[in-house]
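In what follows, chains carry the letters A, B, and so on, assigned in the order in which the sequence lines appear, proteins first and then strands, with residues in each chain numbered from 1.
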There are 2 protein chains.
Amino acid sequence: MIRIAVDALGGDRAPEEVVAGAGEAASEEIRPILFGPAGLDTQGLELVETTQAIGMDEKPADAVKAKPDSSLVAACRAVGEDKADAVVSAGNTGAMLAACFLELRRLPGVARPAIAVVIPSEKPSVLIDAGANADARPEHLLQFGYMGSVFAEEVLGATNPEVRLLSIGEEAEKGNQLTLEAHDLLAAAEGLRFTGNTESRDLLRGAADVVVCDGFTGNVVLKLMEGTIVTVLDALREEITASRRGRVGGLLIRPAARGMRSRLDPDTYGGAYLLGLRGLAVIAHGNSSRLAVANAIRLAARGVEHDVVGRLAQRLPERVLASARSESPRQAR
Amino acid sequence: MIRIAVDALGGDRAPEEVVAGAGEAASEEIRPILFGPAGLDTQGLELVETTQAIGMDEKPADAVKAKPDSSLVAACRAVGEDKADAVVSAGNTGAMLAACFLELRRLPGVARPAIAVVIPSEKPSVLIDAGANADARPEHLLQFGYMGSVFAEEVLGATNPEVRLLSIGEEAEKGNQLTLEAHDLLAAAEGLRFTGNTESRDLLRGAADVVVCDGFTGNVVLKLMEGTIVTVLDALREEITASRRGRVGGLLIRPAARGMRSRLDPDTYGGAYLLGLRGLAVIAHGNSSRLAVANAIRLAARGVEHDVVGRLAQRLPERVLASARSESPRQAR
């Protein structure tokens, strides 16, 4: 049984959708453990009672410090204390990062944990960092490359994963100061199949198994992709329903449109891994539905099953770890 | 008559599509002047003969220095020497930036010219900088805000344009070091209606009249938006044509889909202004069709008509200009 600590109060639609999602994910292999207030209707799932809650808009570091018995912090701590195998929260992302730093701690030598998201392209690829480090240095991007590579291999089943650096031109000499320097580090890295820069226009076409960038760029990319997909489909619906001919056609294509929408829907993956820690954490979308929560829990379970944390600890080369000065992390605020 | 210098050898589809586009744009108000080799079939348009050509992949600064009589550089020079009112090229973007710096020179006090692109949202908005400055400082972003504001007012007809900063959260305290500092400068700026941060997910919904960012982020955003729109529509077509029901529906919605595709098509705007110079330059997509070239020429003419350069010179407040140390520019390479 894989034990997943679930922050029952995390997300815009908590606790109802979180509890329902946990119920959906519960199976012979997966045992969700809810963290939330006494009296919560858990639909028969196990509950660890907590007395505090962190709001979506609270200042992350302050909130985590002030509320050690919040559902979010307690769920993270359960993993640190080996009472759960992974933690899932759709709550305050910054607080989740801060709590994970505190309760799970970094793998030896990892300078900056990073958020790895699976992009729903036809050939799935991992975008890393999708928002943990708003400012990053070239050597951090190198570590992200290794972490993404292990993730693509272990979780997505990619063989000898191809790693690319997100930049503003495919040529090595195109980019900003950060990507120019990161390019050189990645190109010289051993045990990494780095094939150069990729441009953002190719992201949804499956640019590579792993696409590396700083957390600011990654977060902008992720939200832009989601927003653009929704806007394009909405605009198309509007155009279609403006004429009778279009409306009839719209009815006929509805199943096809739904199929695509669900493939591109962020809920399909449910969440993102926070990699580089001694325990596994999955951060779900703030607006997660029960489907998204269930998928986030399954994603966490898959990570446990494939021992992503153990693999990372083994596979990140010693030299790389040493090269990134260990320092106090500066997260997205 | 507005005289537009057109680089006949610029772009992947030059010279045929460029000449054809110039022909389409020619009117009683607009007089395109082609710059290209002797013997070029100009379809009756005026030709200024040049003897050199800059390839799409040449190193910008070197190419501009080595080829002063290239079609691209000569077209820029024509504006600097007041033999044309604006220049349009679909050629090597970096070379265009370098040639404009050299031949048009910066407006007094402008530290960094920037690329302003109109995003095809329902309420059009200006994204600035879309790629001229891969690395930028907070005071540059402040100048971009002013330039974008003048552009939105003069060219898009926005009244008291709303300016936002692209970041990874709407709250002032979310972002990277650059945006955090830029936010403070923008918030304190006089004569600018700054309303805070915007997230990328809202860009295509018309987040604001002006969206400010550094050139790396802007370029990633622009290419991602283009790539995502194309990928979503292609994926939808594939899903639709996979069933007979879908194929029939697809035929019925075709006019609607075409309408939207053309609205979102970058060719509809044709090009981007390079702002902050003493002359007007429009940079068109490398892959420009005749339609894109024609629209880029019309865009340039509209800028001349509205005296965008003169307005910028008048409206950029003295203090702002003084605050940004004038320096040798570092462009996207």
Quiz item: Do A:His285 and A:Glu226 get their side chains close enough for a donor-acceptor pair, meaning under 3.5 Å?
Solution: yes
Quiz prompt | chain A contact via B:Leu236 - side chain, backbone, both or neither, heavy atoms under 4.5 Å | solution = both
Quiz prompt | side chain to side chain contact (heavy atoms under 4.5 Å, CB included) against A:Ala114, all qualifying residues, sequence neighbours excluded | solution = A:Ile128, A:Asp129, A:Asn133, A:Phe144, A:Met147
Quiz item: Can any side-chain N or O of A:Arg13 pair as donor or acceptor with the backbone N or O of A:Asn287 at less than 3.5 Å?
Solution: yes
Quiz item: Looking at residues at least two apart in the chain, or sitting in another chain, which of them share a side chain to side chain contact (heavy atoms under 4.5 Å, CB included) with A:Ser243?
Solution: A:Arg245
Quiz item: Excluding sequence neighbours, so at least two apart, what forms salt bridge (charged side-chain N to carboxylate O under 4.0 Å, His left out) with A:Glu238?
Solution: none
Quiz item: Looking at B:Thr241, B:Val221, B:Leu222, which has the largest count of heavy-atom pairs under 4.5 Å with chain A?
Solution: B:Val221
Exercise. May I ask you to decide whether B:Lys65 forms a salt bridge with B:Asp62, counting only side-chain N to carboxylate O separations under 4.0 Å?
Key: no
Self-check item: Carboxylate-amine/guanidinium contact B:Lys67 B:Glu58, below 4.0 Å
Solution: yes
Practice problem: Among A:Glu199, A:Lys223, A:Arg247, single out the residue with the greatest number of heavy-atom pairs under 4.5 Å to chain B. | Solution: A:Lys223
Quiz prompt | A:Asp234 and A:Thr231: side chain donor to acceptor below 3.5 Å | solution = no
Quiz item: Which of residues 211-219 of chain B get closer than 4.5 angstrom to chain A, counting heavy atoms alone?
Solution: B:Phe216, B:Thr217, B:Asn219
Self-check item: Under 4.5 Å from any heavy atom of chain B - which part of A:Ser167
Solution: both
